[in-house]
Every structure is written in structure tokens, then in C-alpha cells.
Amino acid sequence: MFDVTCRDGVCRIFRPETRWLSTGYDGGESTGNVVYNISVPEGWPETDLDTYVEERLAEAGFADVGPALLTGVDQQHARRARFGPVEVVATAGVSNPAELPVEGLRDGGCENVPVDSVADDSSNSDEPKLGTVNVVVGTTRSLEPGALPNLVAVAAEAKAATLLSRCGSPGTTTDAVVAACDPAGETASFSGSATEVGNAARICVRDAILASLDSRYADRELPTSVEDAQYGVVADEHATVSNLD
């Protein structure tokens with residue numbers, strides 16, 4: 001599916017004339033040859049993301065223009081997984097988990113760490129952001145208009161299930177997904193979990209994320225809660241819930 005090249009902290013994920021749908025900072029749907037996953041250094045201060053990405057691509061010798069994801073995870077920890085008509089490339093770091101407690105909230109109680117006692121990981125913080133789970137999932141099928149964004153949802157669900165099992169949170173504060181398909185491939189009307197594409201995507205997302213985590217945390221402790229992590233947030237407030245009538 002993908003031709004992947006990593007150089008100077010930039011991972012180029014290449015496939016000619018591909019439909020891409022990105023949730024990254026320059027996201028949306030596009031047709032082109034590439035997307036990028038770019039590792040940023042510790043203490044990264046940049047705010048002009050377009051200029052920064054252009055400079056990094058030029059330094060790495062990549063000329064093609066395409067959507068870009070940013071991560072604090074080194075590309076040496078990137079992993080790819082293939083199954084059926086799907087391939088996934090992922091990097092995974094969880095130093096900034098985003099927990100969503102459920103148990104104990106119905107009666108107003110919550111045993112999780114209060115959000116105001118957790119280190120802030122907002123864009124206003126001067127501290128380095130070392131986490132992020134970035135997933136690029138592609139299929140050789142040609143997906144109908146609704147099936148491509150649904151593939152983003154399927155990938156995000158698989159990411160959440162994997163991280164909950166391994167790390168105790170469904171994601172980090174900076175995760176992103178890119179979904180891709182081949183406009184010239186065999187048509188697939190749906191991409192849900194019971195379809196060939198959706199099932200393969202779930203398998204690939206799970207296995208690529210687990211492999212990336214195993215690589216990145218081979219010589220360091222894997223955070224399993226906000227309390228254990230360097231940064232993180234907990235959504236433990238209550239919304240106002242009512243009937244529809």
C-alpha cells in the first residue's frame with residue numbers, strides 16, 4: 001500500500017494519487033501523493049507550523065507537498081502493520097494521557113486525579129510535549145464519500161481500545177489520524193468494523209500501536225495513568241443531561 005521513507009526525523013508515507021483525510025493541524029480531505037509524520041524536538045517552541053513543516057521537509061530532501069502530522073516520538077519507533085486490503089503506519093507516545101473516567105461518576109463520585117492537580121498540557125504551556133499517537137491508515141479499496149471519514153472513526157476506536165488496555169487511557173491530548181484510500185481501487189461502500197476494510201483496519205491499528213509502544217518504552221516506564229505520566233488531563237466534570245422533549 002505505502003512506500004515509507006524515514007529521514008532526519010521525517011517519515012514520508014507515499015502512494016500516488018491517493019485520497020487522504022487528515023485530522024492534523026492542516027487537515028481535511030485532499031488528493032495527492034504523500035502525507036508526513038514529523039518528529040519535533042524536546043522543548044519545541046514553534047508556532048508557525050506551515051513554515052516549520054516546509055523547513056523540515058526541505059532539510060530532509062522531500063519535495064512533495066501533503067498533509068503533515070507532528071509528534072514528540074522519534075521515527076525510530078514508527079511501526080507498520082498490514083492485513084488484507086489495509087496498511088497502518090503509527091507512532092505512539094503516552095506521556096500526556098487524556099483520561100475519561102466513567103466508573104463512579106453516576107453518583108457524583110470520582111476516584112481519579114482532579115483535573116486541577118494534573119500538569120497542564122495545553123498549547124500555552126512552555127513544557128515539551130513528548131506524547132502523541134499518530135495513525136495513518138490506508139486501504140487499496142476505493143471508499144465511498146462517507147466511508148473514508150468513517151475509517152477515521154474506526155481507527156480512532158481501535159486506538160482507544162488498544163491504549164485503554166495497555167495504558168489505562170483512550171488517547172493523549174494531541175492524537176491524530178489520517179485515513180487514505182485508492183480512488184482507482186475496487187469500490188467499498190462501507191468501512192465499519194464488520195466490513196473487510198474496517199476489520200483489517202482495527203487489527204492493523206492495534207498491532208502497529210502496540211509495536212510502537214513496545215519500542216518506545218523498551219527502556220523506560222510506560223505510564224498507565226495520568227498520575228504516572230509527565231503531563232495529562234482528566235475530564236471528570238459533569239455535563240447537564242436532559243430528555244429531548
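- Residues Arg12 and Asp3 are in side-chain contact: their nearest non-hydrogen atoms beyond the backbone lie under 4.5 Å apart.
- Thr139 places a side-chain N or O within 3.5 Å of a backbone atom of Pro85 that can act as its donor or acceptor partner.
- Judged by distance alone, the side chain of Asn134 and the main-chain N or O of Leu70 form a donor-acceptor pair under 3.5 Å.
- Lys159 is listed as a side-chain neighbour of Val205, based on a closest heavy-atom distance under 4.5 Å.
- Residues Glu99 and Ser225 are in side-chain contact: their nearest non-hydrogen atoms beyond the backbone lie under 4.5 Å apart.
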Given Val35 and Leu69, is the side chain to side chain contact (heavy atoms under 4.5 Å, CB included) satisfied, shown in steps? CA-CA 8 Å; Val35 296; Leu69 305 180; over 6 Å; no
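- Annotation: the span from Tyr217 atom OH to Ser95 atom OG amounts to 5.5 Å, rounded to 0.5 Å.
- With hydrogens and angles disregarded, no donor-acceptor distance shorter than 3.5 Å links the side chain of Arg141 to the backbone of Gly138.
- We find the CH2-OG1 distance between Trp44 and Thr71 to be 10.5 Å, quoted to the nearest 0.5 Å.
- For Thr23 (side chain) and Ala176 (main-chain N/O), no donor-acceptor pair under 3.5 Å exists by modelled atom type.
- Of all non-hydrogen atoms in Cys181 and Thr18, the two that sit nearest each other are O-CG2, 3.3 Å.
- Within the model, atoms OG1 of Thr172 and CG of Asn96 stand 4.0 Å from one another, a figure rounded to the nearest 0.5 Å.
- The minimum heavy-atom distance between Asp207 and Ala81, with the atom names listed, is CB-CB, 4.4 Å.
- Closest approach of Pro170 to Leu164, counting heavy atoms only: N-CD2, 3.8 Å.
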Output, in order, the C-alpha distance, side-chain angles, deciding distance and verdict of side chain to side chain contact (heavy atoms under 4.5 Å, CB included) for Glu17 and Asn33. CA-CA 5 Å; Glu17 292 302 310; Asn33 299 330; 4.0 Å; yes
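- No more than 12 heavy atoms of other residues, nucleotides or ligands shown are found within 6.0 angstrom of CZ on Phe190.
- Between Ser193 and Arg202 the shortest side-chain heavy-atom distance falls below 4.5 Å.
- Placement of Val4 and Val137 in two distinct hydrophobic clusters is found when ILVMFWY residues are connected by side-chain heavy-atom separations under 4.5 Å, directly or transitively.
- With hydrogens and angles left out, the side-chain atoms of Asp64 and Tyr36 include no donor and acceptor closer than 3.5 Å.
- Minimum heavy-atom separation, Arg79 to Ser212: CG-N, 3.6 Å.
- Annotation: side chain of Val226 is not in contact with side chain of Ser169 (no heavy-atom distance under 4.5 Å).
- The shortest heavy-atom contact between Val88 and Ala208 is CG1-CB, 3.8 Å.
- With contacts defined as side-chain heavy-atom distances shorter than 4.5 Å, the pair Val40/Tyr52 qualifies.
- Proximity of Pro97 to Cys167: side-chain heavy atoms (C-beta onward) are nowhere separated by under 4.5 Å.
- Linking Ile, Leu, Val, Met, Phe, Trp and Tyr whenever their side-chain heavy atoms come within less than 4.5 Å puts Val177 and Val133 in one cluster.
- With a 4.5 Å cut-off on side-chain heavy atoms, Arg80 and Glu87 count as touching.
- Residues Ile38 and Tyr25 share a hydrophobic cluster, clusters being chains of Ile/Leu/Val/Met/Phe/Trp/Tyr side chains in contact below 4.5 Å.
- Here the CG-CG distance, from Leu151 to Leu143, works out to 6.0 Å after rounding to the nearest 0.5 Å.
- Connection of Ile209 to Val94 is established within a shared hydrophobic cluster, with ILVMFWY side chains joined at heavy-atom distances below 4.5 Å, either directly or through further cluster members.
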Given side chain to side chain contact (heavy atoms under 4.5 Å, CB included), test Asp214 with Arg166 step by step and report yes or no. CA-CA 10 Å; Asp214 287 344; Arg166 181 63 65 88; 2.9 Å; yes
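- A distance of 7.0 Å separates CG of Asp175 from CG of Leu163, quoted to the nearest 0.5 Å.
- The backbone N or O of Thr162 sits nowhere less than 3.5 Å from a side-chain atom of Ser165 that would complete a donor-acceptor pair.
- Under the 4.5 Å side-chain heavy-atom criterion for Ile, Leu, Val, Met, Phe, Trp and Tyr, Val34 and Leu49 are members of the same hydrophobic cluster.
- With Asp26 contributing its side chain and Ala68 its backbone, the two residues share a donor-acceptor pair below 3.5 Å.
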How far apart are the C-alpha atoms of Asn37 and Gln75, what are their side-chain angles, what is the distance that settles it, and do they pass the side chain to side chain contact (heavy atoms under 4.5 Å, CB included) test? CA-CA 8 Å; Asn37 191 20; Gln75 293 303 320; 3.7 Å; yes
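- With hydrogens and angles disregarded, a donor-acceptor distance shorter than 3.5 Å links the side chain of Trp20 to the backbone of Gly32.
- If you take CZ on Arg56 and CZ on Arg7, they are separated by 12.5 Å, rounding to the nearest 0.5 Å.
- Pairing each heavy atom of Asp236 with each of Pro101, the nearest pair is CB-CG, 4.1 Å.
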